[in-house]
Amino acid sequence: MNLTPITQRFVLHWGEMGSRWGVNRTVAQIHALLFLSDAPLAADEIAETLALARSNVSNSLKELQAWRLARVVHLMGDRRDHFETSKDVWELFRLIVEGRRQREIDPTLTALRDFLMSPDLAQESKGSVQRIQQTLEFIETLTTWADEMLRLKPETLMKTLGVGARISRTIRKTRNLN
């Protein structure tokens with residue numbers, strides 16, 4: 001499979017962004033290729049297209065499947081597994097947010113709650129306890145808000161984000177006048 005110049009640049013950029021977000025560059029590049037591809041791709045096609053080792057592609061596809069960002073599909077007359085990803089950016093966003101929450105936010109919430117319930121808490125300064133409590137409250141509030149936003153239909157969420165942006169601009173303008 002030959003990549004068009006824009007597809008090639010998109011795949012490379014997505015890989016670069018992935019590494020900045022803490023995702024393996026190859027995993028992000030494969031996801032980008034699947035996202036832009038009009039048809040499901042076999043692992044050997046991915047490896048050849050991106051000039052990657054087949055084992056690297058296999059491991060990367062397993063990681064994408066663990067995040068629910070890639071799924072196996074079968075094509076009539078072809079015994080190989082093919083892979084695809086959602087073409088819906090909102091669905092992908094939801095899956096990424098849910099995955100990050102499970103891997104990063106939920107363990108942090110558990111740790112903060114454990115700290116505040118620990119018998120060792122009495123040894124901490126009042127300031128430390130207060131900052132742990134504030135951190136817990138902040139993350140709980142943020143995750144509650146995120147959960148509510150992610151329950152919305154994409155159209156409603158876009159309208160909500162637009163209203164939020166207008167409110168933010170209005171508040172900034174009001175502050176600048178004072």
Side-chain angles (χ1 to χ4, degrees), residues 10-36 43 46 52-53 55-73 81 83-169 171-172:
F10 183 92
V11 167
L12 291 171
H13 177 74
W14 205 248
E16 180 65 31
M17 292 311 300
S19 64
R20 291 180 184 174
W21 297 329
V23 175
N24 177 289
R25 179 187 314 266
T26 301
V27 171
Q29 287 178 342
I30 291 171
H31 183 254
L33 180 64
L34 292 174
F35 181 67
L36 292 184
I46 296 168
L52 299 168
S55 59
N56 194 356
V57 170
S58 179
N59 289 331
S60 297
L61 287 167
K62 286 177 186 170
E63 186 170 339
L64 286 168
Q65 288 174 296
W67 278 82
R68 298 180 5 216
L69 292 174
R71 60 187 161 271
V72 175
V73 294
D81 287 343
F83 298 86
E84 67 180 5
T85 190
S86 175
K87 306 302 184 199
D88 180 344
V89 293
W90 284 107
E91 181 183 350
L92 292 173
F93 177 75
R94 281 190 173 117
L95 290 169
I96 291 167
V97 169
E98 287 171 7
R100 289 224 174 249
R101 179 172 179 171
Q102 290 171 359
R103 289 171 176 80
E104 300 165 18
I105 303 298
D106 290 348
T108 301
L109 287 170
T110 298
L112 292 168
R113 290 179 186 123
D114 289 348
F115 298 152
L116 294 171
M117 298 298 292
S118 173
D120 297 331
L121 190 66
Q123 298 172 26
E124 297 298 321
S125 71
K126 286 183 181 185
S128 292
V129 172
Q130 182 181 17
R131 286 186 288 279
I132 291 170
Q133 180 65 43
Q134 288 171 340
T135 303
L136 175 61
E137 289 171 6
F138 173 77
I139 294 174
E140 286 176 334
T141 300
L142 194 60
T143 55
T144 299
W145 177 82
D147 289 344
E148 291 302 317
M149 292 298 106
L150 292 175
R151 282 190 191 98
L152 299 174
K153 292 180 182 176
E155 311 81 50
T156 306
L157 182 55
M158 284 299 289
K159 288 177 185 176
T160 303
L161 292 173
V163 168
R166 285 192 297 279
I167 290 170
S168 179
R169 282 192 298 271
I171 290 170
R172 253 194 327 272

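Just the heavy atoms: all of them, side chains too, but no hydrogens, waters or symmetry mates, feed the values below. Note that the structure is predicted; figures quoted are calculated from it, not measured.
For the residue pair P154 and W90, the shortest heavy atom distance occurs at CB-CD1, 3.5 Å. The two atoms that bring N24 and T26 nearest to each other are OD1-N, 2.7 Å, heavy atoms only. Pairing each heavy atom of L116 with each of Q133, the nearest pair is CD1-OE1, 3.1 Å. Nearest heavy atoms, A28 versus G15: CB-CA, 3.8 Å. Scanning all heavy atoms of the two residues, the minimum distance from R94 to L150 falls at NE-O, 2.7 Å. Residue L34 comes nearest to F83 through the heavy atom pair CD2-O, 3.3 Å, listed as atom of the first residue, atom of the second, then distance.
A heavy-atom distance below 4.5 Å is found between the side chains of V11 and Q29. Counting only heavy atoms from C-beta outward, the side chains of E16 and R25 approach each other to under 4.5 Å. In this structure, the side chains of L64 and T85 stay at 4.5 Å or more apart for every pair of heavy atoms. Looking at T144 and T141, their side chains never come closer than 4.5 Å, going by heavy atoms from C-beta outward. Contact annotation: the side chain of L61 approaches that of I46 to within less than 4.5 Å [non-hydrogen atoms, C-beta and beyond]. Side-chain contact between R113 and L136: present, with at least one pair of heavy atoms (C-beta onward) separated by less than 4.5 Å.
Aromatic ring pairs are classed by plane angle as parallel below 30°, tilted from 30° to 60° and perpendicular above 60°; the pair W21 and W14 is perpendicular. Taking the six-membered ring where the residue is Trp, F35 and H31 present parallel rings, their angle staying beneath 30° rather than reaching 60°.
Here E124 does not pair with R131 in a salt bridge; the nearest charged N to carboxylate O distance is not below 4.0 Å. Between K159 and E155, no side-chain nitrogen of the basic residue sits less than 4.0 Å from a carboxylate oxygen of the acidic one, so the salt-bridge criterion is not met. A salt bridge between E98 and R101 is absent, with no side-chain N of the basic residue lying under 4.0 Å from a carboxylate O of the acidic one.
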- List the steps and the verdict of salt bridge (charged side-chain N to carboxylate O under 4.0 Å, His left out) for R151 and E148. CA-CA 5 Å; R151 282 190 191 98; E148 291 302 317; 2.7 Å; yes
- Task: Take M149 and L161, measure what side-chain contact (heavy atoms from CB on, under 4.5 Å) needs, and give me the verdict at the end.
- Result: CA-CA 9 Å; M149 292 298 106; L161 292 173; 5.5 Å; no
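In this structure, the side chain of R68 does not engage the main chain of L95 through any donor-acceptor pair within 3.5 Å. Side chain of S118 to main chain of D114: no donor-acceptor pair is present (N/O by atom type, distance under 3.5 Å, no hydrogens or angles).
R103 CZ to W67 CH2: the interatomic distance, rounded to the nearest 0.5 Å, is 4.5 Å. Interatomic distance, CZ of R172 versus CD1 of I167, reported as 12.5 Å (0.5 Å rounding). Between the OG atom of S58 and the CG atom of L52 there is a distance of 12.0 Å, given to the nearest 0.5 Å.
No more than 12 heavy atoms of other residues, nucleotides or ligands lie within 6.0 Å of CE in M158, so this atom counts as exposed by the packing criterion. Enclosure of atom CZ in F115 is not indicated, since only 12 or fewer non-hydrogen atoms of other residues, nucleotides or ligands lie within 6.0 angstrom.
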